[in-house]
Peer 1: 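To start, I am sharing the structure in question, which I have written as structure tokens.
What you see below is based on every heavy atom in this structure, not just the backbone, and it leaves out hydrogens, waters and symmetry mates.
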Amino acid sequence: WSSDVCSSDLRFANFQSTIILNGSEIKNFKIKKKNSVVTNFFFLGRICKEKGILFILKNFESLWTKEKIKFKLTICGKISKEIFKEFKFYINLPKIKNKINYLGFINNKKIKYQLSKADYLILPSLKIENLSMSAIEAFSVSVPIIASNVGSIKELTGSNNLNSLFKSGSDRKSTRL
């Protein structure tokens with residue numbers, strides 16, 4: 001996606017360019033084997049409409065109640081004022097309340113620890129994402145990603161069968177795990 005945008009932009013037509021992707025320091029990450037019958041999902045990012053967290057919360061409730069999928073969802077990030085009430089409503093739904101752990105904004109050491117416990121990182125963005133630092137951090141500890149197919153996310157996940165893409169804003173029927 002990034003290379004397509006740069007090559008099609010007339011402002012860059014007369015320049016030779018190289019795209020340098022973001023990186024993540026991996027020396028402090030430790031990869032753990034997952035031995036749980038419960039699937040541990042992890043969301044890391046701003047808690048706002050465009051990041052798709054409300055979409056995930058709405059669909060996770062039906063995964064638990066209708067599909068009987070055993071999961072835990074850990075959410076890390078600062079909540080925007082625009083969705084505060086709706087976010088609180090969903091994380092306190094009686095059927096999934098004990099399955100969701102909201103940690104708020106956390107530092108890098110805690111991010112590494114939480115990622116080491118995750119089975120999947122969820123990136124449900126509703127709008128175009130450039131290079132997601134959350135995705136880079138997940139890849140650095142071999143945590144697969146379940147993401148919406150927007151922006152450069154599809155380039156990051158590549159053809160790796162551990163990663164899964166879904167149409168942005170699609171319902172649970174098209175996002176089977």
Peer 1: With sequence neighbours left out, what residues match N107 under side-chain contact (heavy atoms from CB on, under 4.5 Å)?
Peer 2: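 Partners of N107 by the side-chain contact (heavy atoms from CB on, under 4.5 Å) criterion, ordered by chain and then number, come out as K109, K110.
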Peer 1: Considering only heavy atoms from C-beta outward, does the side chain of L57 approach that of I91 to under 4.5 Å?
Peer 2: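 Heavy-atom side-chain distance check passes, below 4.5 Å.
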Peer 1: Ignoring hydrogens and angles, tell me if any N or O in the side chain of T74 forms a donor-acceptor pair with the backbone of F42 under 3.5 Å.
Peer 2: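 No, the answer is negative, given that no donor and acceptor are paired below the 3.5 Å cut-off.
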Peer 1: Would you list the atom pairs, donor with acceptor, under 3.5 Å between side chains in residues 45-54 and any protein atom, with sequence neighbours excluded?
Peer 2:
from : atom 1 : to   : atom 2 : distance (Å)
R46  : NH1    : E50  : OE2    : 3.2
K51  : NZ     : E129 : OE1    : 3.3
K51  : NZ     : E129 : OE2    : 2.8

Peer 1: When rounded to the nearest 0.5 angstrom, what distance separates CZ in F43 from CD1 in I75?
Peer 2: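 It is 7.5 Å, given to the nearest 0.5 Å.
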Peer 1: Rounded to the nearest 0.5 Å, how far apart are CD1 of I122 and CD1 of I56?
Peer 2: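 Result: 4.5 Å between the selected atoms.
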Peer 1: Checking L73 against K99 for the side chain to side chain contact (heavy atoms under 4.5 Å, CB included) test, could you report, in this order, the C-alpha distance in whole Å, the side-chain angles of both residues, the deciding distance, and whether it holds?
Peer 2: CA-CA 6 Å; L73 171 62; K99 313 297 178 237; over 6 Å; no
Peer 1: Should F105 and I100 be regarded as members of a common hydrophobic cluster, given that ILVMFWY residues are connected when their side-chain heavy atoms come within less than 4.5 Å of each other, either directly or indirectly?
Peer 2: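 Different clusters: F105 never reaches I100 through Ile, Leu, Val, Met, Phe, Trp or Tyr contacts under 4.5 Å.
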Peer 1: Is the shortest side-chain heavy-atom distance between S134 and L123 below 4.5 Å?
Peer 2: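 In short, these two side chains touch, coming nearer than 4.5 Å.
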Peer 1: Who pairs with F87 by ring-ring contact (aromatic ring centres under 6.0 Å, His included), at least two apart in sequence or on another chain?
Peer 2: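 Only Y102 meet the ring-ring contact (aromatic ring centres under 6.0 Å, His included) criterion with F87.
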Peer 1: F71 and I96: which non-hydrogen atoms are nearest, and at how many Å?
Peer 2: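 Between these two residues, the closest heavy atoms are CZ-CG2, 4.2 Å.
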Peer 1: How many angstroms lie between atom CD of E82 and atom NZ of K85, to the nearest 0.5 angstrom?
Peer 2: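 One finds 13.5 Å between CD of E82 and NZ of K85.
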Peer 1: Give the minimum heavy-atom separation between V143 and A118, together with the two atoms involved.
Peer 2: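 Heavy atoms only, the tightest pair is CG2-O, 4.0 Å.
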Peer 1: Would you check if the side chain of N40 reaches a backbone N or O of K72 as a donor-acceptor pair within less than 3.5 Å?
Peer 2: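 Answer holds: no.
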Peer 1: With side chains defined as the heavy atoms from C-beta onward, is the minimum distance between E137 and I111 less than 4.5 Å?
Peer 2: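 They are in side-chain contact.
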